[in-house]
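Accompanying notes for the structure given below.
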2 protein chains.
Amino acid sequence: MSTRVPQERRRRRPTRSGVLLSEDLIVETALRLIGEHGPEALSVRRLGAALGCDPTALYRYFHGTDDLVLAIADRIIGDAMAGFVPGADWVVSLREMALRVRAGYLAHPRAAAMAAHRVTGRKSEIQAVETGIGLLLSAGFEPAAAARLYLAFIDTVLSHAATDAAFLALPLQQRQADHRAWSNVYQDLDPVAYPALTAVRPALPGMADSSFEEAVDLLLEALAARAPTR
Amino acid sequence: MSTRVPQERRRRRPTRSGVLLSEDLIVETALRLIGEHGPEALSVRRLGAALGCDPTALYRYFHGTDDLVLAIADRIIGDAMAGFVPGADWVVSLREMALRVRAGYLAHPRAAAMAAHRVTGRKSEIQAVETGIGLLLSAGFEPAAAARLYLAFIDTVLSHAATDAAFLALPLQQRQADHRAWSNVYQDLDPVAYPALTAVRPALPGMADSSFEEAVDLLLEALAARAPTR
DNA sequence: ACATTGGGTCAACCCTGTTGACGTAAGGCG
DNA sequence: CGCCTTACGTCAACAGGGTTGACCCAATGT
């Protein structure tokens, strides 16, 4: 059966329960499933049940689970970047890209946690890469450097966003436990054995907060310092 | 059956094939399995087969897969930071910390991918934080800044390492698909619609490689630029 | 030597992704 | 209008996964 997935579908007919399937509907239902019942709620069988169709009908739309995950990831990217237009200042524009991507991930933390590390090779991702590399080219970087630095930038943004999303995807209990670790464990340390931690102790409770913006700003500072033109 | 896991075991007896089980032996065998036959080789059943025991015997030692993974992760952290002593140059030392953490993760990608986003609050982690913040204090940063910047640094390192590990943890097929995405999809784009991508096209196949070191170097450049003292 | 019980084994359950065969109805075409 | 093709929804089946409860033997403390 080789699971060919044609792009135009003319012959679709309602499922047993009357639903008209479509790639968009499947992706949206998957996002809803994950958002409501956690990442482990996403399985071909459960998705089929939620859609009111036979699980294997999904193979007419996606080559397999992996293909579906990539579609979900691309959807998140697309939603996050919708309506974004780069401005005159490339540093400001890259910063907004970073914040948008992170916001998109945080909007679907559980889906992001499973899709964040993939290369979708789909429409929304291609558009985002085009935009980002274009910004670095406009900053005067050589093509090879622009590609390399964009990769470092976007990987950092995506990795950080994935970490934040993964944290949000944790059960409330474990999240609180992480906060408590910084508040309790790190407050009761032997000053002799841990002089540095003792010196910065008042700042430690904030360690549970995200460092996303600080990291992005540091990275953009370094990029600006390396840029041929301002 | 509640899978109680006692700490002292006095009554163990050899398995059917003559092996004496132990927590250490199980963790080591799991790491060996992953190293030899790829990340997807780790399953309770396969691990049992590799140990020459019934798969369910492992439940006498770990509450479940998750518990086993945490035990593995603990071992990885300890191994990665073993013997590390910070040197005189704080930039060089932070860089080595970053590389060590990443190397530890990459050595056991699947375990790292499953446990990367958790806060252990244990001895090794505390020691690492102490070392890192101490390095930033020695660079002349104020305590509050040192804590904040260390967090940005280590979060970036851990996130990136987790991303790289997650990629290695993918089944071979999906990894190759990611490579192909950069080699194929991004090579056949409309030059009018995607001018930036067209301009950097020769550099695109390298996009599948890790940007870890580039990102760390950029971050360290920014930190050095902000440091009160050289 | 005996009673206790830790721990290795086995069978079973329900989950998962994926496949190949099957049939029905939708759409193109005469 | 009605036939023919075939897209696509359905079904049954397979291999593999984690996990559980019952079983029972032997290692240990007395």
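Bear in mind that the values here come from a model prediction, so they are computed numbers and not experimental data. Letters A, B, ... mirror the listed sequences (proteins, then strands); counts begin at 1.
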Glu23(A) CD to dC8(D) P, straight-line distance once rounded to whole Å: 12 Å
Testing dC25(D), dG17(C), dG9(D) for proximity to the side chain of Arg13(B), the answer is dC25(D)
End-to-end bend of the helix from dA1(C)-dT30(D) to dG30(C)-dC1(D) (five-pair axes, 10° rounding)? 10°
Given dG23(C), dT20(D), dC13(C), which nucleotide is nearest the side-chain atoms of Arg45(B)? dC13(C)
Short side-chain donor-acceptor distance under 3.5 Å, Asp24(B) and Ser22(B): no
In whole angstroms, how far is the P atom of dT19(D) from the CG atom of Asp67(B)? 10 Å
Taking every heavy atom of Ser211(B) against every heavy atom of Asp155(A), the minimum-distance pair comes out as OG-OD2, 2.9 Å
Rounded to the nearest Å, what distance is computed from the NE2 atom of residue His37(A) to the P atom of nucleotide dC15(C)? 16 Å
Could you tell me how far apart Phe62(B) (CZ) and dG7(C) (P) are, to the nearest whole angstrom? 13 Å
Starting the side chain at C-beta, find the nucleotide from dC8(D), dG8(C), dT10(D) nearest to Arg12(A). dC8(D)
For the side chain of Thr65(A), starting at C-beta, report the closest nucleotide among dG7(C), dT18(C), dC22(C). dT18(C)
Roughly how far apart are Phe212(B) CZ and Asp217(B) CG, rounded to 0.5 Å? 9.5 Å
Classify the side chain of Arg16(B) versus the base of dG8(C) as yes if they form a donor-acceptor pair under 3.5 Å and no if they do not. no
Both Pro14(B) and Ser17(A) contact DNA chain D. Which one's nearest nucleotide lies toward the 5' end? Ser17(A)
If you compare all heavy atoms of Leu189(A) against all heavy atoms of Tyr194(A), which two are closest, and at what distance to 0.1 Å? CB-CD1, 3.8 Å
Tell me, yes or no, whether the heavy-atom count around Arg175(B) atom CZ, taken from other residues, nucleotides or ligands under 6.0 Å, exceeds 12. yes
Between Ser43(B) and dG17(D), is there a side-chain N or O to OP1/OP2 distance below 4.0 Å? yes
Would one find a side-chain N or O of Tyr61(B) under 4.0 angstrom from OP1 or OP2 of dG8(C)? yes
Roughly how many Å is it from CZ in Arg60(A) to C1' in dG23(C), rounded to a whole number? 12 Å
Of the candidates dT16(C), dG18(D), dC8(D), the side chain of Val44(B) sits closest to dG18(D)
Judged by nearest nucleotide, the residue sitting upstream toward the 5' end of DNA chain D, Asp54(B) or Arg46(B), is Arg46(B)
Picking from dT16(C), dT19(C), dC23(D), which would you name as closest to the side chain of Tyr59(A)? dT19(C)
Integer-rounded Å distance: dA7(D) P and Leu20(A) CG: 18 Å
Using whole Å, what does the distance between atom C1' of nucleotide dT20(D) and atom NE2 of His63(B) come to? 15 Å
Do you know which of Arg122(A), Arg12(A), Lys123(A) makes salt bridge (Lys or Arg N to Asp or Glu O under 4.0 Å) with Glu23(A)? Arg122(A)
Within this structure, what is the CG-to-C1' distance between Leu47(A) and dT10(D), rounded to whole angstrom? 16 Å
Any salt bridge linking Glu96(B) with Arg100(B)? Criterion: basic side-chain nitrogen under 4.0 Å from a carboxylate oxygen. yes
Heavy-atom nearest nucleotide on DNA chain C for Ala41(A) versus Leu21(B): which residue maps closer to 5'? Leu21(B)
Heavy-atom side-chain proximity of Leu219(B) to Thr156(A) below 4.5 angstrom: no
